[in-house]
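Please read these numbers as outputs of a predicted model, since none were measured by experiment.
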Amino acid sequence: MEASFKSNLTDKRQRYLQFLEQFAPLIEGEKNEISILANTSAALKEAFGFFWVGFYLVHEGELHLGPFQGSVACYRIRKRTRRMRHRLG
């Protein structure tokens, strides 16, 4: 399956709506969350030209690097702030 998420639209809202319409069929029926996150990262980077797009997943009270597109990233982010402690539990 080959999909292209590039757009010539200039209105931000319209670009996101177009992206969602194109992206939904790509993940439809997929059950593996990591696969969905991986394709989400790639599609967002392609569609909007972001420098870095990715996900950190909560594991044992830390954020662990998940699927991403872009330059090298930290493997883990420890709880450090009050806000982070509140969000991670």
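Nearest heavy atom pair, residue Gly54 against residue Ser41, reads CA-OG, 3.8 Å.
Proximity of Thr40 to Phe23: side-chain heavy atoms (C-beta onward) are separated by under 4.5 Å at one or more points.
Taking a 4.5 Å side-chain heavy-atom cut-off between Ile, Leu, Val, Met, Phe, Trp and Tyr, the cluster of Ile34 extends to Leu37, Phe55, Leu57.
Under the rule for a side chain to side chain contact (heavy atoms under 4.5 Å, CB included), Glu33 has no partner lying at least two apart in sequence or in another chain. With sequence neighbours excluded, the residues forming a side chain to side chain donor-acceptor pair (under 3.5 Å) with His64 are Glu62, Arg76, listed by chain and number. Partners of Phe68 by side chain to side chain contact (heavy atoms under 4.5 Å, CB included), not counting sequence neighbours, listed by chain and number: Trp52, Leu65. Partners of Ala42 under the side chain to side chain contact (heavy atoms under 4.5 Å, CB included) rule, at least two apart in sequence or in another chain, are Gln69. Taking Arg15 as the reference, nothing meets the salt bridge (Lys or Arg N to Asp or Glu O under 4.0 Å) condition, with sequence neighbours excluded. The side chain to side chain contact (heavy atoms under 4.5 Å, CB included) test applied to Glu30 returns Asn32, Ser35, Ile36, not counting sequence neighbours.
Cluster membership for Val53 and Leu20, using ILVMFWY side-chain heavy atoms within less than 4.5 angstrom, is shared.
For the ring pair (Phe, Tyr, Trp, His ring centres under 6.0 Å) condition, the pairs that include at least one residue of residues 27-50, sequence neighbours left out, are Tyr16-Phe48, Phe19-Phe48, Phe48-Phe50.
Between the side chain of Tyr56 and the main chain of Tyr75, no donor-acceptor pair closer than 3.5 Å is present.
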